[in-house]
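Note: hydrogens, waters and symmetry copies are ignored here, and every other heavy atom, side chains too, is used. Below, chains carry the letters A, B, ... as their sequence lines are ordered, and counting in each starts from 1.
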Amino acid sequence: EFRRFSLERSKPGKFEEFYGLLQHVHKIPNVDVLVGYTDIHGDLLPINNDDNYHKAVSTANPLLRIFIQRKEDADYSAFGTDTMTRKKNVLSNVLRPDNHKKKPHIVISMPQDFRPVSSIIDVDILPETHRRVRLYKYGTDKPLGFYIRDGSSVRVTPHGLEKVPGIFISRLVPGGLAQSTGLLAVNDEVLEVNGIEVSGKSLDQVTDMMIANSRNLIITVRPANQRNNVVRNSRTSGSSGQSTESSLPSSTPNILANFLQGEEESDEEDIIIEDSGEPQQIPKAAPTSESLESLTQIELLHESTQNGFLPSSEMNLNHSAGSISIECEVQDPEHKSLEEDGTIITL
Amino acid sequence: MRRFLRPGHDPVRERLKRDLFQFNKTVEHGFPHQPSALGYSPFLRLMAIGTRSGAIKLYGAPGVEFMGLHEENNTVMQIHFIPDQCQLVTLLDDNSLHLWSLKQHSGASELQEEHRFTLKGPPGSPPSATQITAVLPHSSREVLYLGTESGNIFVAELPSFQVLEDRTITSEAVLQWVPEDYCNRRSCELEALREHPKAPDQILIGYSRGLIVLWDLQNNKATHHFLGSQQLENLYWQRDGSKFISCHYDGSYTQWPVSSDNRQPEPLENLVPYGPFPCKAISKIYWQTTKNGLPYIIFQGGMPRASYGDRHSISVVHGSQQTAFDFTSRVIDFFIIFSSEPTAEFDDPSAMVVLAEEELVVIDLKTAGWPAVHPPYLASLHCSAITCSHHVSNIPLKLWERIISAGSKQNIHYSNMPWPIDGGTNIAPDPPQRDLLLTGHEDGTVRFWDASGVCLHLLYKLSTVRVFLTDADPNDNMNTLGEDEWPPLRKVGTFDPYSDDPRLGIQKIFLCKYSGYLAVAGTAGQVLVMELNDEDAEHVVDHAEADLLQDQEGYRWKGHEKLKTRDGPVRFEAGFQPFVLVQCQPPAVVTSLALHSEWKLVAFGTSHGFGLFDHQQKRLVFVKCTLHPSDQLALEGPLSRVKSLKKSLRQSFRRIRRSRVSSRKRRGVSGNASEVQEANAKFDQDALQEMELAPVQRKIEARSAEDSFTGFVRTLYFADTFLRDTSRHCPSLWAGTNGGTVYAFCLRVPPAERRMDEPVRAEQAKEIQLMHRAPVVGILVLDGRSTPLPEPLEVAHDLSKSPDMQGSHQLLVVSEEQFKVFTLPKVSSKLKLKLTALEGCRVRKVTVANFGSCKTDDYSENDLAVLTNLGDVQIISLPFLKLQIRYPCIRKEDVSGIASCVFTKYGQGFYLISPSEFERFSLSTKWLVEPRCIVDVPEVTSNNHVHKKSGMENAARKSRSSGDYGEDERKSGRLMEHALLNDEKVLKEIQSTLEGGR
């Protein structure tokens with residue numbers, strides 16, 4: 001099924017709009033598709049964001065050949081360098097995927113389908129000997145998969161070395177989130193859970209805290225293996241021994257708390273089923289007096305967006321109210337945290 | 001930004017908080033756990049009970065109570081009041097003596113420890129030399145005679161506890177007066193010391209091997225000796241001092257005459273009351289004279305060893321009447337209340353007070369048949385184990401009176417005698433309101449306690465057993481004994497820890513104080529709805545079944561069976577009488593219960609689901625299964641029994657092993673075969689290694705829908721609120737589960753005139769799934785003014801403002817981890833407080849409580865009172881969910897204490913500190929129930945006063961002497977002391993004035 005239509009080269013607009021246009025002209029408004037094009041070298045390359053969309057439009061000579069595949073039966077391996085030369089007839093491959101009975105390729109999903117599972121954060125404010133790891137549990141069925149235990153660690157105090165009780169990772173479940181990240185290991189000492197120090201808390205208390213934060217768990221550990229630490233030049237003055245003895249920088253809890261609160265809210269939407277209908281996420285109650293403040297912040301953000309990106313396309317009539325759609329975007333991390341700030345105020 | 005909005009920086013609020021909140025543990029209700037000693041002062045008419053944990057509690061007239069705690073937490077072995085003083089001496093099992101005084105302080109008496117003392121022997125002497133076995137506070141109030149294992153009697157001065165060495169009565173000194181052939185038997189250990197009732201300078205000394213000596217203190221010589229052949233247990237003087245009685249290990253007692261002519265008298269009478277077969281020891285005996293000449297002989301023990309050796313008995317013999325009171329727990333001690341007037345000619349005993357291990361029993365000896373007296377305090381809360389409790393504040397007078405009258409019909413077998421232990425005066429203000437504490441018990445009973453004041457008093461006892469068919473027939477009285485039964489045993493007391501059927505256990509109670517409807521639910525899924533009836537009645541209990549599994553198939557319940565019901569009409573005594581029984585199927589334990597007396601609906605939940613029953617039409621309205629299809633564990637049987645049993649078994653094995661390790665270590669030190677030691681060491685190492693290899697670890701995993709017991713219904717709540725739209729409010733039922741789900745059902749209750757004609761309808765309106773999936777422990781609706789909705793019928797009784805139905809309502813959902821406020825009817829989240837994520841503690845109990853200001857009468861506010869799994873009590877404000885204040889209340893290891901906690905509607909609370917004791921605490925500055933009482937200082941003669949003062953001075957000096965005072969002053973102090981105490985003339989004078997005074 002072929003469609004042919006024109007596009008103004010100087011004002012290609014955004015990918016989203018283009019995507020909508022494609023769906024429109026193919027009359028497949030609710031079908032998720034993969035978009036690809038053949039570049040000058042004959043390679044089949046994906047279009048999935050503004051940048052490669054602009055690239056595709058600018059390199060069209062003069063015709064831009066675009067291939068659309070249903071996402072569910074997409075053949076990711078079709079993309080890549082030399083794909084066009086390797087397989088003479090891409091179309092047959094693409095349109096009749098059941099024809100080709102090659103060995104199954106390892107499926108690597110599209111970048112937009114990637115979802116973070118873990119990250120090391122706050123590297124700039126933590127001592128080198130510590131590591132703050134964030135595990136993103138939401139959206140995955142993978143268990144967190146680790147155990148903690150009581151233990152004792154040695155601290156440097158003004159009175160010399162002192163043995164103090166501590167909490168340690170005792171076991172990683174193979175295949176669990178914790179193990180698959182490679183950021184946590186057995187015998188790592190747990191120092192903080194979501195910005196709250198665990199010293200003085202019992203094993204059960206720390207367990208409860210971790211489970212309560214399990215959907216977005218941030219644990220600060222002192223890794224048992226200190227050899228993989230990144231030596232940072234900015235901190236050469238302080239020996240690593242010193243940073244071990246000192247507790248975390250005083251500013252961290254606050255920064256972290258703010259940061260955490262913002263992040264945490266997003267994963268916590270409870271679900272409501274009204275009159276045995278469809279489950280929906282429970283919205284936040286309309287912010288009261290503080291709403292003005294958060295609105296102005298959103299305005300500011302919108303302006304910055306406009307400065308940073310190309311202005312929205314005029315040819316796209318569907319999205320003439322483009323400025324509103326930007327506000328709705330949830331992908332911009334900065335935007336999200338600001339919005340959450342708004343709700344924090346109502347707390 | 002959050003930082004700046006934190007509570008706690010507003011000075012006005014801070015001041016208000018001080019006026020509203022205050023934490024106090026006010027009083028301990030119930031029966032002391034593990035009592036170990038009993039004392040009584042006929043002069044103060046106060047009783048003292050010591051416990052194995054070192055507590056000492058004094059009781060007098062209702063409301064008069066004092067408590068003290070020995071720092072050592074050692075077992076209290078003996079308690080002795082100092083004659084005619086507000087003082088008592090306790091002996092602990094570490095051989096230390098403690099002097100306690102009742103002192104007046106700002107208008108009320110307080111119990112204070114004044115001195116402590118441990119008897120020290122000469123260097124190198126064995127510990128038995130100073131191991132105290134008998135204590136005799138002399139009537140002179142100056143000295144204590146301390147009998148020891150070595151047979152020596154030491155004399156300690158009061159109140160300083162200074163030992164007067166020159167007055168020590170050594171066993172050698174005593175034995176030189178005894179015939180030689182008897183001396184060979186080295187009767188050493190001192191068993192009893194008794195002062196002559198008429199001549200204070202004569203004391204009776206009893207040694208354990210049977211030798212008894214009457215010792216003259218003045219002349220330091222034995223005037224009489226009595227050669228008993230049996231091991232001695234105790235001694236008792238008759239009132240006139242002409243005879244005394246000794247009781248023995250072989251179950252016999254002997255009467256001995258004391259006359260001036262015979263220095264070595266033969267026994268008057270020697271009797272084994274429950275002979276001729278071997279009997280157990282008689283450990284204590286009283287001989288009480290009466291006007292009619294027939295004495296009361298009262299003794300503890302003495303039962304025939306073979307057939308009744310396991311009984312805990314006290315026998316009372318009066319002429320031809322004889323009864324052996326049979327107690328269900330070990331007798332710790334007992335005393336007789338008799339006429340203590342020195343001028344009275346006879347003892348005329350009026351009551352016997354028995355402290356058993358699990359209860360206090362008082363027997364009226366004046367009324368024929370010797371009935372028991374109903375104690376106003378020291379109730380045995382645990383006469384059957386407590387399984388749940390429910391508190392209702394501010395009971396309307398009408399209901400109160402009806403409950404009392406129902407209870408009085410149950411108590412007809414009690415004596416009418418006024419409470420005989422009536423010392424001290426209760427000066428506490430009258431309790432502000434009538435409060436009921438209801439306790440559910442393992443045997444299927446509910447007990448109603450008057451919890452208004454300091455004395456937790458049983459008002460009425462309700463039994464649900466009659467509704468069911470159980471193995472034990474309630475009419476089968478094990479206690480009926482024929483006329484000629486011997487020994488004449490009579491069971492007394494209420495402590496009965498054995499339950500016929502654990503399924504009868506009460507798990508949830510809900511009382512509507514306005515209508516008198518009571519709902520009670522139990523272990524086997526039974527839910528009973530009851531009504532208060534002032535008359536006995538016989539009727540059929542309507543019976544319904546609620547199949548909570550509905551169409552879920554393929555499940556098999558492996559737990560207990562449901563209870564069988566009695567067919568036909570059942571006779572119920574006046575009081576709460578059941579009229580509806582709903583049995584859940586499967587018969588799992590009922591985990592939540594709610595009653596709405598205005599709509600005449602009762603809701604109940606188990607681990608499988610919940611149901612709603614219309615008790616007016618006696619029709620099941622609906623059931624809802626909450627079970628997750630994959631949750632096999634919940635289905636199979638009584639609550640994770642399998643799992644927890646496994647776990648506890650493992651733990652106990654671990655414990656055993658650990659204790660074995662340590663005990664072996666100890667044995668190893670004492671030195672045995674080196675081989676054994678080696679083996680032990682190896683074992684120790686292995687055990688240690690094992691412990692290190694498998695440390696206690698906790699799994700970190702997010703909760704999921706597939707977890708077990710997510711369907712367990714934790715809370716049920718009725719509310720008249722906006723469920724569908726803002727224009728119409730309607731009755732609704734809310735349920736919260738262990739898996740963080742909240743269900744809301746819209747109810748249609750027909751108007752009163754058509755209530756019987758139209759069915760109650762229910763329709764599910766909402767289902768909220770909390771994403772953190774923690775158990776929902778509380779649901780509450782706040783009205784337009786953010787005030788919690790009133791209880792049913794509260795408005796109708798003009799006791800509450802009607803709720804604001806104009807503004808929008810809010811829903812508060814409390815899970816173990818978070819507090820969340822949602823708007824209604826459109827559910828959107830408004831506020832939350834994340835407790836666990838921030839503090840690592842979880843909510844165990846939560847209630848709305850009203851706090852009044854202690855400064856102004858017109859200010860009060862509603863807050864949430866919360867108990868966490870760490871045993872902290874927190875107050876959280878409504879509706880803004882701000883933490884106000886936090887107090888540590890219960891040790892976090894005390895799981896049963898935390899589980900037993902109930903809050904009242906006015907910021908007080910109760911929790912079990914032992915199976916038999918409730919600790920009462922208060923979070924409110926305004927509502928505080930604590931003992932406040934006064935014990936009058938006895939009149940003292942001026943002479944004695946002077947003496948007492950000098951004693952005090954000595955004590956003060958003594959304590960100072962160790963300080964930086966000069967040697968001179970110390971010496972002079974010593975001299976004074978000696979002069980005063982060694983001058984026999986002075987002593988004698990004091991004694992004579994004392995006797996004159998009496």
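- Legend: residues meeting salt bridge (Lys or Arg N to Asp or Glu O under 4.0 Å) with B:Arg891, ordered by chain and number and at least two apart, are B:Glu893.
- When every heavy atom of A:Ile272 is checked against every heavy atom of B:Ile768, the shortest pair comes out as CD1-CG1, 3.7 Å.
- Here the shortest heavy-atom pairing between B:Ser828 and A:Lys284 reads CB-C, 4.0 Å.
- Under the 4.5 Å side-chain criterion, counting only non-hydrogen atoms from C-beta, A:Ile211 is in contact with B:Glu817.
- When A:Ile167, A:Thr207, A:Asp208 are each tested for a side chain to side chain contact (heavy atoms under 4.5 Å, CB included) with B:Arg698, only one passes: A:Thr207.
- Both the backbone and the side chain of B:Thr836 have a heavy atom closer than 4.5 Å to some heavy atom of chain A.
- Atom CZ of B:Arg785 has more than 12 heavy atoms from other residues, nucleotides or ligands within 6.0 Å.
- When atom types are taken as modelled, the side chain of B:Glu701 and the backbone of A:Leu144 share a donor-acceptor pair closer than 3.5 angstrom.
- Side-chain contact between B:Ile700 and A:Ile148: present, with at least one pair of heavy atoms (C-beta onward) separated by less than 4.5 Å.
- For the pair B:Lys820 and A:Asp270, the salt-bridge criterion is met [side-chain N within less than 4.0 Å of a carboxylate O].
- Of all the heavy atoms in A:Arg149 and B:Gln697, the pair that sits closest is CB-CB, 4.3 Å.
- Minimum heavy-atom separation, A:Lys201 to B:Glu839: CE-O, 3.4 Å.
- Contacts between B:Leu881 and chain A at a heavy-atom distance below 4.5 Å are absent for every atom of the residue.
- The side chain to side chain contact (heavy atoms under 4.5 Å, CB included) test with A:Arg215 singles out one residue from B:Met771, B:Arg703, B:Arg773, and that residue is B:Met771.
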Take B:Lys699 and A:Val173, measure what side chain to side chain contact (heavy atoms under 4.5 Å, CB included) needs, and give me the verdict at the end.
CA-CA 10 Å; B:Lys699 188 179 183 180; A:Val173 178; 5.6 Å; no
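- Between the CZ atom of B:Arg842 and the CE atom of A:Met209 there is a distance of 13.0 Å, given to the nearest 0.5 Å.
- Heavy-atom minimum distance, B:Ala837 versus A:Asn213: CB-OD1, 3.3 Å.
- Annotation: maximal heavy-atom pairing with chain A below 4.5 Å, among B:Lys892, B:Glu767, B:Lys826, occurs at B:Glu767.
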